Trainee: 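After the structure tokens below, expect a handful of questions from me.
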Protein chains: 2
Amino acid sequence: MRPTIYDVAERAGVSIATVSRVLNGSSKAAPATREAVLQAVAELGYRPNAAARSLAGHATDTLALVFPEISSPFFAEIIRGAEIEARQQQYHLLIYGIPEVGEADTLLPVLSTRVDGLILGGHCDDAFVRSLVRQAVPFVLLGRGVEGYAVSSIQADSYNGVYEAVTHLIDHSYRRIAFIGGHVDSPQSRVRFDAYRSALADRDWPAEPGWVMHSDFSEAGGHATAARLLALPQPPRAIFAANDQMAIGAIDAIRAAGLRVPEDIAVVGFDDIPVAAYVHPALTTVRRQIYESGVLAVRLLLHRIADPEIPPEHHALPTHLVVRRSCGCM
Amino acid sequence: MRPTIYDVAERAGVSIATVSRVLNGSSKAAPATREAVLQAVAELGYRPNAAARSLAGHATDTLALVFPEISSPFFAEIIRGAEIEARQQQYHLLIYGIPEVGEADTLLPVLSTRVDGLILGGHCDDAFVRSLVRQAVPFVLLGRGVEGYAVSSIQADSYNGVYEAVTHLIDHSYRRIAFIGGHVDSPQSRVRFDAYRSALADRDWPAEPGWVMHSDFSEAGGHATAARLLALPQPPRAIFAANDQMAIGAIDAIRAAGLRVPEDIAVVGFDDIPVAAYVHPALTTVRRQIYESGVLAVRLLLHRIADPEIPPEHHALPTHLVVRRSCGCM
DNA sequence: TTGTATGCGTTATCAA
DNA sequence: TTGATAACGCATACAA
């Protein structure tokens, strides 16, 4: 049987209230008793029971990460950042994948009693976000925002990143620049498309609805979509893909068609996932601070938990183009 | 304020004991009262408090995943499998990264009260494993085994996978086959090296200590190690890397040296991570059931939790060579 | 500064 | 089949 606070109290010759106090530092204890308690704790190897503690103290010291695709390189890196920061802050991290948008609703009731707050990543409908706000569950949005609600959010500055990437292609005189987006309904995908369109418009560059396609953020999706682009009567000379996985898939499709990257078609991605620097040709891409997003999400959430009244913060993390070989400009 | 079991009892006109019973199905309740309780639960939107439940019931319904590198493609995929299976079994999943081997010891005491069991992945010293056994914490080992203890483990059948890969290279007459291992002290790395050596020995194939190097399972590590291999007076004609990330790094190094894959040097990896099929040249690699490992780990752990007395199971999941372009045999 | 006593929301034991 | 009631292990208001 694990030692309880009573065992510690007895051994130290004090009451359990005193033990609790020195362990939580809630109020002063005489140095002597403090020492006695600490020693008893050490000797017994006592660890407070988390359930009892949260039952009495109304805090779980636990956060939840709720994501659509846990295992993509992008989310994996976010998880890493969140986990490290959470641990440093003495918090624990629960993880949930929600392949289906609707599943989040099922999850919430089960979850809500086990966590102090949650980090919501990727897509999920506004109705769900609203219900969270209504239930006063502390949470932050990662990778998306929501209009009209007081919710903290962290996003990459996609607009500027994409604008820079497309402008880079224009500056190197690539005409016929195609765009492969993610899920059509994703707000982030929308922003990136807007940036793409604006970049073209601002330079009076040729634009064509046929050069814009939407996929699903996967390598296979990028491959298939690029293949469709190549089959066009007027195929593109450059492709911007809204994430690196699709870009890598696109490169594969281009080569499979017997063409070369970047000589025949240039490719630019988005994210700068770890493998981007190692594929061939090395991927030119828009770097964003993935790991840092995870860290920041935890910090913002902890702030909100500590003081639910603080005004929401909206962070747009900087992005910048990393020029490698796949765009043919170096 | 969230409704408690008392609110439900009052609304249904029964005692809290009855509410608890119908919710847990522990013993029979009259259909009528059962209905009344369920209705009250629905109307109130009642959800049992997890802390109270585990305090009274001695179960947390939570598992922990303890890994060295959360964000590698390999572990990310394991997490995905474990998360899906855990959720299906109504369990929650905590996640912890332990970059330093020693950190596991610090983690355990904090962890132990919050989970019913844990899944240990990657490296951690035997002393730690022993202490877990001593403390009767239910756990399973993922990706490694431990000698002399009654612990369930799940591993890929690395030996046969590597043997098949190296034999494949031999069959295609590649002489001078190099081996890039992971951390020298990793048991898995050792097994893979043994398979490599045996494959060569069984065919009386040239072997050379200089062709064996150890790295760290990362792309950068694979790159650096391959570069050292290329600088040898007698550089290898083929490289087997103990995971795909190192293989991808190695390909990059080979190209950086002005050589071609597979024409000048063939490369084979291990794992078959999702991106392996999309890099160039597409990576020939030993596929193992990563996702399935995660699922199986949860199942074995749950068995062990349900009955700590069951004998440990050791699973060696099948592997097989997936021939793509990087080995030059197709 | 320290101790007593109560409550947190369940499950489980025992009677009824 | 149901209902009191005692744990479960801790935090904390209140007393001393």
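All figures in this text were calculated on a predicted structure; none of them were measured in a lab. Lettering of chains follows the sequences in order, A, B, ..., and the numbering in each one begins at 1.
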Trainee: Ignoring the backbone of A30(A), work out which of dA11(D), dT10(C), dT1(C) is nearest its side chain.
Mentor: dT1(C)
Trainee: Starting at atom CG of D7(A), determine the distance to atom P of dC8(D), rounded to an integer number of angstrom.
Mentor: 11 Å
Trainee: Roughly, in whole Å, what's the span from CG in L55(A) to C1' in dT11(C)?
Mentor: 12 Å
Trainee: Give the nucleotide from the list dC10(D), dA4(D), dT2(C) with an atom nearest to the side chain of S15(B).
Mentor: dA4(D)
Trainee: Identify whether any heavy atom of A17(B) sits under 4.0 Å from a base atom; if not, whether one sits that close to sugar-phosphate; answer base, sugar-phosphate or nothing.
Mentor: base
Trainee: Measure the distance from CD1 on I5(B) to P on dG7(C) and round it to the nearest whole Å.
Mentor: 18 Å
Trainee: Rounding to an integer number of Å, can you tell me how far N24(B) CG sits from dG9(C) P?
Mentor: 17 Å
Trainee: Without swapping roles, check the side chain of R114(A) against the backbone of A64(A) for a donor-acceptor pair under 3.5 Å.
Mentor: no
Trainee: Phosphate oxygens OP1/OP2 of dT11(C): is one of them under 4.0 Å from a side-chain N or O of R53(B)?
Mentor: yes
Trainee: Between R21(B) and R34(A), which has a closest nucleotide on DNA chain C that is more 5'?
Mentor: R34(A)
Trainee: I need the CD-P distance between E35(A) and dT2(C), as an integer number of Å.
Mentor: 12 Å
Trainee: Mind checking whether Y96(B) and L111(B) have side chains closer than 4.5 Å, heavy atoms only?
Mentor: yes
Trainee: Hey, is the side chain of Y6(A) poking within less than 4.0 Å of OP1 or OP2 on dA11(D), counting only N and O atoms?
Mentor: no
Trainee: Tell me the interatomic distance from L23(A), atom CG, to dA11(D), atom P, rounded to whole angstroms.
Mentor: 7 Å
Trainee: Compare the minimum distances between each of dC10(D), dT10(C), dT1(C) and the side chain of N49(B), then state the nucleotide with the smallest one.
Mentor: dT10(C)
Trainee: With heavy atoms under 4.0 Å as the rule, sort R47(B) into base, sugar-phosphate or nothing.
Mentor: sugar-phosphate
Trainee: With heavy atoms under 4.0 Å as the rule, sort V19(A) into base, sugar-phosphate or nothing.
Mentor: nothing
Trainee: Hey, what's the ring geometry for F75(A) with F67(A), parallel, tilted or perpendicular (30° and 60° as the breaks)?
Mentor: tilted
Trainee: Nearest to the side chain of I16(B), which nucleotide is it out of dT11(C), dC10(D), dT2(C)?
Mentor: dT11(C)
Trainee: Figure out the CG/P separation between L44(A) and dC10(D), and round it to whole Å.
Mentor: 11 Å
Trainee: Are S20(B) and dT10(C) close enough that a side-chain N or O sits under 4.0 Å from OP1 or OP2?
Mentor: no
Trainee: Check every strand shown and say whether T4(B) touches a base, only sugar-phosphate, or nothing at a heavy-atom separation below 4.0 Å.
Mentor: sugar-phosphate
Trainee: Report which part of the nucleic acid T33(A) touches: base, sugar-phosphate, or nothing (heavy-atom distance under 4.0 Å, all strands).
Mentor: sugar-phosphate
Trainee: For the backbone of I16(B) and the side chain of S20(B), can you confirm whether one donor and one acceptor N or O come within less than 3.5 Å of each other?
Mentor: no
Trainee: Does the T60(B) side chain pair with the main chain of D116(B), one donor and one acceptor, at a distance under 3.5 Å?
Mentor: yes
Trainee: Need to verify one output field. Residue with the more 5' nearest nucleotide on DNA chain D, G57(B) or G13(B)?
Mentor: G13(B)
Trainee: With a 4.0 Å cut-off on N to O distance, would you call R80(B) and E77(B) a salt bridge?
Mentor: yes
Trainee: Just the rounded figure in Å: distance from C1' of dG9(D) to CZ of R2(A).
Mentor: 11 Å
